[in-house]
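Below: the structure, in structure tokens.
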Amino acid sequence: MSVFIDGETRLVVQGITGRDGSFHSRQMIAYGTKVVAGVTPGKGGQVFDGVVPVFDTVADAVRETRANTSVIYVPAAVAASAIFEAADAGLRLIVCITEGIPVLDMTRVLPYVQERGARLIGPNCPGLISPARSKVGIIPGNICQPGRTGVVSRSGTLTYEIVHQLSTHGFGQSTCIGIGGDPLIGTNFIHCLSAFQADAETDAVVMIGEIGGTDEQQAADYVRQAVTKPVVGFIAGQTAPPGRRMGHAGAIISGSSGTAAEKMAAFARAGIAVMKRPADVVPLLRERL
Amino acid sequence: MSVFIDGETRLVVQGITGRDGSFHSRQMIAYGTKVVAGVTPGKGGQVFDGVVPVFDTVADAVRETRANTSVIYVPAAVAASAIFEAADAGLRLIVCITEGIPVLDMTRVLPYVQERGARLIGPNCPGLISPARSKVGIIPGNICQPGRTGVVSRSGTLTYEIVHQLSTHGFGQSTCIGIGGDPLIGTNFIHCLSAFQADAETDAVVMIGEIGGTDEQQAADYVRQAVTKPVVGFIAGQTAPPGRRMGHAGAIISGSSGTAAEKMAAFARAGIAVMKRPADVVPLLRERL
Amino acid sequence: MNLHEYQARDILRRQGIPVPPGDVAETPEQARAIAERLGGGVVVKAQVHAGGRGKAGGVKLARNPAEAAAHAAAILGMTIKGLTVRKVLVAPAAEIASESYVGILVDRASQRPVLMVSAAGGIDIEEVAAQAPERIHRLAVDPRYGLLRHQALGLGLKLYRDVGQARAAADIMQRLYAAVYAVGASLAEINPLATTPAGAVTALDAKVVIDDNELERHPEIAALRDSGGEAPSEVAAREAGLTFIKLEGSVGCCVNGAGLAMATMDLVKFYGGEPANFLDIGGSSNPQKVVDALKIITADPGVRAILFNIFGGITRCDDVANGIVQATRQFPLRVPLVIRLTGTNEALAVQILTQAGFSALTDMDEAVQRAVAQARTA
Amino acid sequence: MNLHEYQARDILRRQGIPVPPGDVAETPEQARAIAERLGGGVVVKAQVHAGGRGKAGGVKLARNPAEAAAHAAAILGMTIKGLTVRKVLVAPAAEIASESYVGILVDRASQRPVLMVSAAGGIDIEEVAAQAPERIHRLAVDPRYGLLRHQALGLGLKLYRDVGQARAAADIMQRLYAAVYAVGASLAEINPLATTPAGAVTALDAKVVIDDNELERHPEIAALRDSGGEAPSEVAAREAGLTFIKLEGSVGCCVNGAGLAMATMDLVKFYGGEPANFLDIGGSSNPQKVVDALKIITADPGVRAILFNIFGGITRCDDVANGIVQATRQFPLRVPLVIRLTGTNEALAVQILTQAGFSALTDMDEAVQRAVAQARTA
């Protein structure tokens with residue numbers, strides 16, 4: 001078992017003929033993901049790389065290929081529309097890689113997805129990977145190893161850094177999930193913690209947060225109440241100045257709220273082992289397991 | 001038992017200080033309805049007729065008086081807003097008497113009411129009455145008698161005509177419901193038939209339809225499948241010309257659909273006794289009971 | 001309220017939908033000037049609230065301004081289905097590569113605005129619905145989200161293989177949806193949605209029907225009403241706050257409530273008569289409304305008897321009785337009057353009527369039978 | 001993107017919100033002309049992206065046009081929190097009967113736009129939130145329905161006892177909500193929402209922050225950007241497609257990914273150093289971006305060492321290596337460079353760097369420690 005994706009994942013790539021979409025589709029196919037369809041309006045009938053049929057609409061792709069999951073690589077201006085379309089077509093899991101979606105678009109997208117009982121991961125996220133099983137998104141497969149540690153993160157490359165530490169020290173991953181750096185996202189820490197807690201193949205969870213908002217604080221409350229597995233946590237942005245957006249649209253300290261110190265304290269109160277630096281992940285995990 | 005309203009109904013009147021609202025509030029109070037609050041923005045703190053406290057908002061009224069039902073007499077331009085407000089305040093039953101609400105307003109009101117699990121009756125309806133128990137709306141109490149016949153109708157005065165026939169010939173009513181003459185309404189024939197079928201105090205149902213739409217045809221299907229009690233039906237508008245709106249916004253024959261003949265045939269196929277004229281209601285009910 | 005084609009085109013254009021140029025003319029000279037300004041061939045189209053304009057000779061092609069003026073002269077003043085043509089639309093005679101249909105109406109069953117599109121455009125959509133229903137694609141739009149881009153594009157791809165044209169059509173659909181809510185339309189149609197030989201997608205003809213209940217909040221739309229296209233008695237009734245529809249029978253009906261009014265007409269027919277009208281005096285019972293109603297009914301030369309059928313609930317029978325008495329003092333009734341009154345303040349009403357020399361019945365069937373009999377013998 | 005007060009006022013006015021007159025001036029003469037046109041006393045307000053304008057002397061009352069010109073002369077060119085004032089708003093010095101607060105921002109927890117109102121207006125709302133949170137009323141708006149009339153009126157009644165004023169405030173709230181979606185704002189505030197002695201409700205001061213992600217679809221809003229209010233290095237970075245924030249330390253950082261960039265800064269601090277900046281070169285690995293990044297970092301005189309921390313995923317390490325080599329050919333690096341690279345095409349990158357005389361590390365901790373040490377000794 002793994003979390004959200006597994007060998008049954010049948011993927012449709014929205015924007016498969018674009019620059020990013022085609023590159024990562026090849027990477028996902030090479031990794032072993034079942035990429036069953038692509039979508040680009042006007043290119044229905046083409047076959048991507050001689051392997052993946054392309055459709056004009058997600059509805060067509062689902063009807064013809066029984067896809068159950070979508071990954072989105074379309075430009076920001078049309079990414080909200082792509083999520084609406086994926087949800088409308090009945091997909092259960094929608095992973096939106098695209099960065100730069102207006103937050104007001106997300107205020108309308110999120111209830112739409114929820115009403116249809118679908119799960120959205122992202123936007124502005126690296127996706128997720130269940131090593132040796134399936135990869136949906138852009139997390140480099142070569143840094144991951146199959147194993148029993150769950151990883152959930154608001155970040156991209158910082159996640160790779162920490163996963164790399166895990167893999168090189170013998171801690172494989174059940175699933176690594178990048179939930180994205182935007183203020184409004186479909187799947188948050190709590191959703192992932194709950195899934196890892198329920199997953200028989202996950203022994204411990206690494207949680208990588210950053211400044212901005214209160215998601216980590218709420219996740220810490222959740223850990224205290226509902227997570228019995230060891231959790232190790234990191235917060236990026238201890239040196240970030242208030243009021244400046246640190247790259248991610250969500251990484252901004254507003255007033256006195258959303259600071260790294262506040263989040264690290266919440267982690268500690270909830271019994272989460274707090275890393276001071278990314279290299280601490282392995283020793284802390286060893287301690288707890 | 002009765003349908004939708006009973007002795008537990010605690011009513012808030014939206015627009016209680018208006019011309020229609022004040023007149024009908026007095027009628028309802030005289031009939032014995034528990035009118036616990038009124039709402040007129042800006043008149044919070046007044047007491048209507050020395051008896052009913054008036055509030056600025058429905059939320060205030062509900063908090064202070066535990067009202068569970070609302071009736072709306074405000075002008076058409078603000079009636080949709082009044083329904084939104086009633087649903088937002090958590091009322092379970094909302095009866096909108098107001099005529100002339102734009103149908104596009106209703107396209108937004110109806111899902112809002114449904115999401116909150118509330119029931120809307122109307123708009124553009126006379127409301128409902130459970131004789132000797134409670135009256136919510138404008139149906140004249142003096143023509144009704146307590147009894148075991150359920151009445152559901154798209155019309156106003158035509159309902160009174162038929163109820164009058166019933167009362168003067170010994171057929172009292174469990175509840176009389178006017179569902180309204182607009183194209184989009186909150187409660188339709190099927191909802192009422194289902195409630196009457198489930199009501200231990202109702203023995204038979206009188207259903208008064210008219211031209212326009214297919215609600216009566218769908219109700220006939222429902223009767224065939226799910227209603228075991230005798231049903232007697234009437235359709236107004238046999239002589240109506242196509243394409244002309246017969247007073248009610250919903251009473252219009254479009255193309256070949258929505259005619260009285262079509263609806264009467266659907267009634268007959270479903271085993272509903274079809275009145276040729278209002279005076280037929282009593283003989284047909286006698287036949288069936 | 002129906003809008004004329006030229007008014008519907010203006011609404012669409014303001015929403016950013018591509019509409020060919022063109023303007024409305026009330027005289028042949030104006031038509032000539034518009035044709036001159038447009039250049040090339042034009043089409044001159046009667047602006048009248050009636051279908052089948054083409055068959056009636058109300059739509060004509062003109063090769064030049066002089067012809068446009070001549071056609072306008074022929075069409076202006078023409079009568080189509082009883083309505084006199086007072087305006088013509090002069091628009092370029094466009095070359096058309098393909099014709100589709102796009103329409104939005106509020107659907108009672110789904111309780112949502114429904115978008116309908118068909119590649120079989122340019123003809124009556126009811127015909128397509130009857131003969132080839134599979135050629136019509138429908139989408140019930142969730143009004144909480146509006147018409148979404150991917151939904152419109154999905155329908156656009158049903159109309160056009162070319163993705164550029166599909167996108168153009170999708171954009172038009174989204175704007176048409178916005179127009180529906182912006183003006184309070186119960187129906188908005190583009191038929192045909194045409195492609196030009198160069199591939200552009202354009203709204204060649206448009207129909208918009210406004211929900212009467214929206215007029216109060218859209219005075220700029222209410223101002224578009226063309227009363228010239230309605231029966232004078234119906235205009236008078238609307239102005240008096242009455243709901244009135246003229247029919248061809250001989251029993252004039254005056255009833256309170258739309259459902260009871262229809263049932264009264266039906267009962268007239270049941271007893272062998274023909275109703276002369278539908279007339280609902282409404283819930284409130286202002287005596288003046290009764291006077292206005294009687295004025296309108298008696299103006300119909302086909303009326304041989306007048307039937308009042310009042311079930312007093314909110315309507316007070318005494319108000320109606322007073323209205324009848326006032327009216328008969330103001331103008332003579334040239335036909336017999338049958339009055340049925342029951343309910344609120346019935347006794348008082350009977351007293352008022354009796355004093356004025358009228359009698360009143362309480363049973364609806366009896367009243368209708370008597371009115372039918374009097375219309376026959378009158 | 002922050003808008004100036006005068007720009008925010010324009011947006012509100014276009015949505016139909018009552019805003020007092022007034023205009024923006026770039027010279028004392030313009031200020032005088034505006035004051036003459038307005039008549040009476042005016043207020044001259046510095047237009048600069050910084051709080052505390054009043055305390056800094058950037059807001060002054062003038063009794064007549066001459067005084068307005070004099071105040072403008074004093075304020076224009078003034079520096080407030082490091083930013084030079086280039087524009088002033090000249091508006092009537094309104095008499096105020098009461099001051100409220102109305103604001104909308106997108107709330108992360110509810111994932112909805114949240115409307116906040118308080119009768120304690122005219123002061124910083126964060127202060128009210130800290131000292132008297134019960135005086136702030138909040139409503140998370142369901143974006144599927146928008147801000148409904150009864151909701152706005154309910155909040156309006158929290159601000160004003162007079163129902164007319166409550167209705168006026170409710171109307172302003174609904175228009176402010178519409179403005180948020182119309183321009184793509186992440187924050188829209190009216191503070192104060194003032195009542196005049198005559199009872200009118202008006203938006204006296206406004207603040208609007210635009211979501212940067214909306215700028216592409218709102219070019220008319222993007223054109224309002226005032227780069228004069230930003231650090232030149234940050235303007236250069238934005239134009240190069242980099243995310244850069246200037247800080248006060250000595251270790252210049254160049255990282256791929258925002259999270260890793262923050263973690264790198266944190267690690268610099270952990271090992272006793274101070275980061276000179278946040279810099280994310282982003283996911284794609286165009287060598288030119290690396291050149292631009294180095295140009296911006298080296299322009300900072302405070303930088304004593306430069307640290308590259310690259311974890312190659314999508315970013316290819318060889319691209320970064322090529323960028324470094326190109327940059328050092330174009331301009332001299334006056335400070336030591338510590339490079340950490342790992343991941344995609346790492347071996348190739350090391351080869352490129354070695355050939356150009358650089359060494360590369362693979363461990364993040366080691367690289368940070370070395371950079372901190374070199375910044376200290378440099």
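The figures that follow rest on heavy atoms only: side chains count, while hydrogens, waters and symmetry mates do not. All chains are named by letter (A, B, ...) in the order of the sequence lines, taking the proteins before the strands, and each is independently numbered beginning at 1.
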Self-check item: Heavy-atom side-chain contact between Asn213(D) and Ile101(A) under 4.5 Å
Solution: no

Self-check item: Lys/Arg N to Asp/Glu carboxylate O, Asp142(D) vs Arg108(A), below 4.0 Å
Solution: no

Quiz item: Among residues 186-193 of chain A, which ones touch chain D with a heavy-atom distance under 4.5 Å?
Solution: none

Self-check item: Contacting moiety of Gln238(A), where chain D heavy atoms sit under 4.5 Å
Solution: both

Quiz item: Can you find a pair of side-chain heavy atoms, one from Leu104(A) and one from Glu214(D), that are under 4.5 Å apart?
Solution: yes

Quiz item: Taking side chain as C-beta onward, heavy atoms only, is Asp105(A) less than 4.5 Å from Arg217(D)?
Solution: yes

Quiz item: So which residues of residues 249-263 of chain D are in contact with chain A at a heavy-atom cut-off of under 4.5 Å?
Solution: Asn256(D), Gly257(D), Ala258(D), Gly259(D), Leu260(D), Met262(D), Ala263(D)

Self-check item: Any donor-acceptor N/O pair, Asp266(D) side chain to Ala236(A) backbone, under 3.5 Å
Solution: no

Quiz item: Non-hydrogen atoms of chain D under 4.5 Å away: do they reach the side chain of Ile235(A), the backbone, both or neither?
Solution: backbone

Practice problem: Could you tell me whether Arg277(A) and Asp365(D) have a side-chain N and a carboxylate O separated by less than 4.0 Å? | Solution: yes

Practice problem: Under the ring-ring contact (aromatic ring centres under 6.0 Å, His included) rule, collect the residues that match up with Tyr112(A), sequence neighbours excluded. | Solution: Phe84(A), Tyr145(C)

Quiz item: What residues, two or more places apart in sequence or in another chain, satisfy ring-ring contact (aromatic ring centres under 6.0 Å, His included) together with Tyr73(A)?
Solution: His24(A)

Practice problem: Could you grab the distance from atom CD of Glu115(A) to atom CZ of Arg144(D), nearest 0.5 Å is fine? | Solution: 4.5 Å

